[in-house]
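Nothing here was measured: the structure is a model prediction, and the numbers come from that model.
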Amino acid sequence: MRKFKIRPAFSAYTTVIGALSAVQEPDLMLTLFHQMQELGYEVNVHLFTTIIRAFAREGRVDAALSLLDEMKSNAFDADIVLYNVCIDCFGKAGKVDMAWKFFHELKAHGILPDDVTYTSMIGVLCKANRLNEAVDLFELLEFNRTVPCAYAYNTMIMGYGCAGKFDEAYSLLERQRQKGSIPSVIAYNSLLTCLGKKQRVDEALRIFQEMRKDAAPNLSTYNILIDMLCRTRKLDAALEIRDTMKAVGLFPNVLTVNIMIDRLCKAQQLDEACSIFEAMDHKVCRPNEFTFCSLIDGLGKQGRVEDAYRLYEQMLDFDLTPTAIVYTSLIRNFFKCGRKEDGHKIYKEMVRRGTSPDLTLLNTYMDCVSKSGETEKGRSLFGEIKTWGFTPDVRSYSILIHGLIKAGCARETYELFYAMKEQGYVLDTFAYNTVIDGFCKSGKVNKAYQLLEEMKVKGIEPTVVTYGSVIDGLAKIDRLDEAYMLFEEAKSEGVPLNVVIYSSLVDGFGKVGRIDEAYLIMEELMQKGLSPNVYTWNCLLDALVKAEEIDEALVCFKSMKELKCTPNTFTYSIIINGLCRVRKFNKAFVFWQSMQKEGLKPNMITYTTMISGLAKAGNVSEADKLFQKFQAKGGKPDSACYNTMIEGLSIANRAMEAYELFEETRLRGSVTQNEKQPDRVVVNDAAVDYIPSENLEAISDPDSKIQGLVGGLESKDWLENCRSLNDTRRFALFHSALLLPILDNVLVVIVKSMKNPRSALCKTSVISSADIFKPFGDDLFESPNSDALDSVRLQLLLKASQDKKFVCEEADKALKAMVESTTPLPLLHKLHTYVKHSNMRIRAKAAVSISHCVSKMELGGMEEFGFASLVQIAVNLLNDRLPEAREAARSIVVSAYEALTKNEEKQETWQNFCQSNLPAIHAQAIVKIVLLLVELIRAGSSLVVKALVKSVFGSSSRRLQTSSMNCYLYM
């Protein structure tokens with residue numbers, strides 16, 4: 001009309017505004033209202049009331065108050081209807097004090113509150129849990145009235161019910177009757193609803209029987225009863241109520257059916273839910289979107305995705321449009337069943353049908369693809385959230401971060417997390433737990449610990465999941481004292497600890513041989529009323545077996561069964577392995593037979609352990625049967641197993657069988673105990689080669705190979721670990737840009753491999769670390785790689801200090817590669833702490849690396865570190881017990897001397913420095929040592945120098961008592 005310049009009538013405006021009010025379009029209503037004013041129409045209080053109600057119902061309090069002010073400025077007086085609207089709408093929006101203000105303002109303007117005013121205010125107060133004020137207001141209403149207000153009684157009964165004060169509610173019902181007002185079905189329905197929420201079913205059924213004296217139950221009454229009975233899994237009673245409903249002439253509507261189906265699905269009684277659905281008379285009661293949604297979700301959660309999808313197709317046949325909730329359920333449940341391709345198809349079908357997803361669907365889809373390893377797809381979906389017009393929330397970021405952590409993209413995760421914080425997102429417990437768990441699993445325990453402290457500062461209470469992640473992370477890297485302190489902190493904070501946390505500590509203490517502490521944790525677990533699970537027992541048994549406490553392990557195994565915890569394959573494998581280690585082979589075979597009787601299938605380790613044990617015990621026939629059975633099932637015995645069988649058959653005078661097995665071993669490539677192959681370890685039918693770095697070649701398809709690298713490194717097959725470590729070396733040397741994004745995760749896995757008792761795997765991981773140092777160098781010091789690098793460095797020092805030449809030589813080479821590939825100063829800052837280590841061999845290896853660092857440094861670098869501190873390190877090492885440490889100390893002193901006196905008068909400068917910065921007893925000795933060495937070198941007396949070094953610095957004296965004694969020792 002306005003387009004054709006036709007002036008709309010006043011009635012047209014009011015009619016359209018009223019219609020828009022019904023569909024909640026306050027902005028359009030306000031636009032039309034202002035147009036009326038511009039055209040000169042006289043607006044009234046009724047129009048103001050209609051628009052104020054629309055804004056207040058949406059919770060847009062400021063807009064509603066602005067309209068009230070506009071009305072007052074136009075000299076309109078508010079009437080009782082407007083005040084009632086304001087009290088009701090502002091109260092429902094949670095603005096209770098503002099509703100009270102309107103109530104008192106109404107009386108101040110001389111307007112008497114009516115029944116609606118009182119009832120609305122009572123309802124607002126009850127909803128805000130201000131029951132005492134509601135009761136006072138109700139009594140005031142009752143005092144001023146001769147005839148009870150049934151609506152006020154209904155509201156007050158509902159208020160008492162919601163507060164759980166059912167005795168007061170029953171008293172009010174009786175009071176209403178005494179005043180001559182029969183309680184209505186609304187009052188009873190309110191009471192039944194509250195009883196249902198409190199799960200007081202028997203009481204509700206009693207009230208239902210009583211209500212028939214006052215009011216006839218309606219459809220809502222029966223729906224309320226059916227709902228509460230289904231929620232409490234009383235299906236038979238619910239069906240009885242449904243039949244009673246039919247007997248009185250009421251028939252279940254779609255709401256009744258939906259209630260029953262939804263509650264049954266949530267109670268996992270899917271067959272009953274499907275029966276009710278199939279029994280529906282579609283002509284009388286047609287299923288709607290909610291009916292299908294409940295069934296589709298219920299079936300999907302139970303893994304019946306085919307049935308769920310058939311219902312989805314049936315829903316389409318009914319010309320119903322599936323909502324985002326339906327698609328969310330289908331996508332989630334297809335992925336949960338491992339059918340990710342079908343999950344992707346559902347999403348594409350949703351888009352094709354024109355259904356717009358909501359943020360929950362997009363988050364769920366992103367979570368599913370991330371957990372299935374499709375990291376890039378997860379990234380893409382995160383960007384797609386904005387394309388659909390949504391803003392990613394905290395859950396969106398948490399899901400993406402979790403996916404990136406799982407993919408080994410620790411650097412990107414770290415940046416994303418702090419970017420999210422900088423953008424002002426308020427992180428909740430779920431977000432913190434996700435990131436903390438990810439950091440712990442990727443070896444970033446220090447960062448996880450920082451986030452835990454940050455949670456406390458911000459007033460976000462850590463949960464059992466938070467503490468569990470950090471405790472497990474600390475336990476896995478042998479920081480057990482810190483893990484235990486955090487465990488005690490969680491208890492003092494009242495956090496309900498679970499079996500998972502106790503198991504982490506039992507496992508941690510057990511692996512480092514602290515058996516007594518593991519026992520104490522187990523004892524406390526049971527004192528708390530918790531039951532150790534099979535994993536907890538396995539951790540304790542494994543620790544006992546490794547400590548060769550096999551008798552104690554057997555006692556624990558017995559206790560485990562007495563406590564009704566069923567042993568699994570790993571439990572039996574641990575016990576069998578322990579018995580074989582202490583040569584109790586017959587007893588091990590008894591456990592083997594018990595394992596079979598219980599229906600458990602032995603794994604490869606159990607087979608090979610038992611075969612070797614039987615053969616060594618002389619029970620060659622049983623060993624041979626087991627050996628044949630193992631091979632028939634596709635098992636691959638290792639070389640030790642072959643050798644034991646060959647020896648056993650030979651001793652049992654079964655020479656030809658021994659020879660045949662020997663030939664089979666030779667053809668498979670297994671090596672007998674008397675054979676040796678340099679730089680090669682052979683197990684089963686595969687070999688681990690120690691390939692020199694110069695012989696490595698680039699990978700033909702690096703982009704696809706990198707996708708499975710971390711998975712290979714984390715494989716339970718140690719041979720696969722070795723192959724993946726060699727691939728890591730190739731990536732480092734030829735495709736370093738592809739390795740960099742997952743380098744942090746790779747370093748964490750390398751540390752785990754270095755700790756592995758298998759020498760072949762340990763040596764391969766050490767060699768890999770050396771090849772990683774070469775291309776990355778100083779990049780390794782940058783966050784987030786620094787934490788993982790610290791662990792690598794410590795492991796290399798440990799391995800280099802071992803007696804096992806097989807590994808320690810490679811560790812020495814790796815430490816040398818580390819020094820050669822990195823800038824000396826930052827490495828020196830990391831290494832100097834180890835020269836105070838309690839293990840003298842670690843001190844010595846650290847000293848050697850420090851001496852190599854110092855030899856590369858100019859004077860400026862030494863001064864930045866602290867020249868005096870550097871020389872003091874050398875002085876302390878000169879008294880070390882190991883010659884290797886003392887030799888390194890001499891090298892440090894000479895390097896420091898050369899740097900300090902490069903362009904100056906050498907003797908005077910060095911003497912002044914030593915006297916100014918060292919105790920006199922040390923200064924005199926250091927000055928004389930260096931000057932004597934320098935003079936001998938100038939004279940070309942290399943043999944004399946060597947003799948001097950051997951005789952002087954070979955001394956194991958650990959105390960410097962006097963200056964003269966120092967001179968004697970060092971000269």
Side-chain angles (χ1 to χ4, degrees), residues 793-794 796-802 808 811-812 815-816 818-819 824-857 859 861-901 910 913-934 945-946 948-963 965-971:
R793 192 182 300 110
L794 175 59
L796 287 176
L797 290 170
L798 285 166
K799 299 305 172 187
S801 62
Q802 287 182 354
C808 71
D812 280 331
L815 288 169
K816 188 175 181 182
M818 176 181 69
V819 173
L825 183 60
L827 182 57
L828 189 57
H829 280 297
K830 296 288 186 179
L831 287 170
H832 85 277
T833 57
Y834 294 109
V835 295
K836 297 178 182 178
H837 202 279
S838 57
N839 186 324
M840 61 182 178
R841 292 187 176 184
I842 290 179
R843 285 201 307 271
K845 294 300 178 181
V848 171
S849 295
I850 288 173
S851 71
H852 292 158
C853 275
V854 174
S855 67
K856 294 171 60 181
M857 296 174 76
L859 180 60
M862 295 182 188
E863 288 177 340
E864 190 174 343
F865 175 78
F867 200 88
S869 300
L870 190 62
V871 175
Q872 188 60 56
I873 288 171
V875 169
N876 294 337
L877 288 170
L878 283 170
N879 298 319
D880 201 89
R881 290 170 60 186
L882 291 181
E884 192 175 15
R886 300 197 296 274
E887 178 66 34
R890 294 193 296 273
S891 175
I892 294 169
V893 170
V894 172
S895 296
Y897 168 79
E898 292 293 341
L900 183 66
T901 61
W910 180 247
F913 168 78
C914 292
Q915 290 173 350
S916 303
N917 294 279
L918 298 174
I921 196 169
H922 295 165
Q924 188 175 355
I926 291 291
V927 168
K928 291 189 176 182
I929 293 166
V930 171
L931 293 180
L932 179 59
L933 286 172
V934 170
V945 173
K946 287 180 181 178
L948 177 70
V949 167
K950 185 174 180 181
S951 63
V952 173
F953 292 103
S955 171
S956 62
S957 174
R958 303 187 66 190
R959 294 181 181 272
L960 302 179
Q961 296 175 356
T962 63
S963 178
M965 179 63 71
N966 278 318
C967 292
Y968 174 77
L969 285 172
Y970 293 130
M971 293 175 59

On a heavy-atom basis, which atom in [X] and which in [Y] lie closest, and how many Å separate them?
X	Y	result
Ser849	Leu831	CB-CD1, 3.7 Å
Ile892	Ala874	CG2-CB, 3.8 Å
Ala800	Ala811	N-CB, 3.4 Å
Ser851	Ala888	CB-O, 3.6 Å
Gly861	Leu825	O-CD1, 3.7 Å
Tyr834	Ala846	CB-CB, 3.6 Å

Run the numbers on Lys845 and Glu884 for salt bridge (charged side-chain N to carboxylate O under 4.0 Å, His left out), then give the verdict.
CA-CA 8 Å; Lys845 294 300 178 181; Glu884 192 175 15; 3.2 Å; yes
In terms of relative ring orientation, are Phe865 and His829 parallel, tilted or perpendicular, with 30° and 60° separating the classes?
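Plane angle between 30° and 60°, so tilted.
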Can you tell me how far apart [atom1] ([X]) and [atom2] ([Y]) are? Round to the nearest 0.5 Å.
X	Y	atom1	atom2	answer
Ile842	Leu796	CD1	CG	11.0 Å
Leu870	Ser895	CG	OG	8.5 Å
Ile850	Met857	CD1	CE	11.0 Å
Cys853	Leu828	SG	CG	6.0 Å
Leu827	Lys830	CG	NZ	10.0 Å

In the structure I gave you, are the side-chain heavy atoms of Val835 and Asn876 within less than 4.5 Å of one another anywhere?
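Val835 vs Asn876: side chains apart.
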Under the criterion side chain to side chain contact (heavy atoms under 4.5 Å, CB included), which of Leu877, Val871, Val875 is the partner of Ile873?
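Only one of Leu877, Val871, Val875 forms a side chain to side chain contact (heavy atoms under 4.5 Å, CB included) with Ile873, namely Leu877.
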Do Lys856 side-chain atoms and Val819 backbone N/O form a donor-acceptor pair below 3.5 Å?
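Such a contact is found between Lys856 side chain and Val819 backbone.
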Distance-only, no hydrogens or angles: does the Ser855 side chain make a donor-acceptor pair with backbone N or O of His852 under 3.5 Å?
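Yes: the side chain of Ser855 pairs with the backbone of His852.
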